[in-house]
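Because only heavy atoms are used, hydrogens play no part in the values below, and waters and symmetry mates are left out as well, while side chains stay in.
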Amino acid sequence: MSDVNFQPIFDYIDESNKKLKEELKEEILTEVRSEFGDIKTAVANLSGQVKKYHEEMLVSGHRLDCLKEWAQIVGGKVGVPISF
């Protein structure tokens, strides 16, 4: 039996596999990037909502403090003790 050189066939298969792997890798990266893009957008929106809520709570707390001070002053003038 004569020696048959199969190396060119193996090289061709290896090259074909490399191309398929690269194409698959690019496809997966594209899909993952689009998914992460949606997640990043959702996190950014949530962050904005949390920041807005925090600012509203600060304003509400300040208003409540002002009303407490006013109520204690008025309570002292009308003779009704008010404590919080």
Side-chain angles (χ1 to χ4, degrees):
M1 189 172 199
S2 66
D3 289 336
V4 178
N5 186 5
F6 290 107
Q7 191 60 42
I9 295 171
F10 294 136
D11 291 341
Y12 176 77
I13 292 172
D14 288 342
E15 285 299 316
S16 296
N17 282 340
K18 284 181 186 178
K19 290 177 186 176
L20 288 173
K21 285 179 185 179
E22 286 300 318
E23 290 172 2
L24 184 59
K25 181 180 174 181
E26 287 300 319
E27 186 177 329
I28 290 171
L29 283 175
T30 302
E31 187 67 28
V32 168
R33 284 182 182 140
S34 69
E35 291 294 322
F36 276 128
D38 295 342
I39 292 171
K40 284 170 45 176
T41 301
V43 169
N45 291 341
L46 183 61
S47 173
Q49 291 173 354
V50 168
K51 182 178 178 182
K52 181 179 176 184
Y53 178 76
H54 179 70
E55 290 171 354
E56 289 174 358
M57 289 298 104
L58 288 175
V59 169
S60 293
H62 179 69
R63 287 181 181 169
L64 185 60
D65 290 341
C66 291
L67 286 173
K68 284 180 184 178
E69 289 176 24
W70 177 83
Q72 288 175 342
I73 292 170
V74 171
K77 290 185 177 184
V78 295
V80 177
I82 298 177
S83 62
F84 296 95

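Linking Ile, Leu, Val, Met, Phe, Trp and Tyr residues whenever their side-chain heavy atoms come within less than 4.5 Å places Ile39 and Val32 in a single cluster. Hydrophobic clustering (side-chain heavy atoms under 4.5 Å, transitive across Ile, Leu, Val, Met, Phe, Trp, Tyr) groups Ile28 together with Phe36.
How far NZ of Lys40 is from CD of Glu35: 13.5 Å, rounded to the nearest 0.5 Å. A distance of 11.0 Å separates NZ of Lys68 from OG of Ser83, quoted to the nearest 0.5 Å. We find the NZ-CG distance between Lys51 and Leu46 to be 14.0 Å, quoted to the nearest 0.5 Å. Here CH2 of Trp70 is found 15.5 Å from CG of Asp65. Values are rounded to the nearest 0.5 Å. Once rounded to the nearest 0.5 Å, the distance linking CD1 of Ile13 with CG of Leu20 reads 11.5 Å.
When the side chain to side chain contact (heavy atoms under 4.5 Å, CB included) test is applied to Val4, the partners found at least two apart in sequence or on another chain are Ser2, Phe6.
When atom types are taken as modelled, the side chain of Ser47 and the backbone of Val43 share no donor-acceptor pair closer than 3.5 angstrom.
Among the candidates His62, Glu56, Arg63, the single residue satisfying the side chain to side chain contact (heavy atoms under 4.5 Å, CB included) test with Val59 is Arg63.
Within the structure, every pair that satisfies the side-chain hydrogen bond (donor to acceptor under 3.5 Å, both in side chains) test and touches residues 11-29, not counting sequence neighbours, is listed here: Gln7-Asp11.
Side-chain contact between Thr41 and Asn45 is present, with at least one heavy-atom pair separated by less than 4.5 Å.
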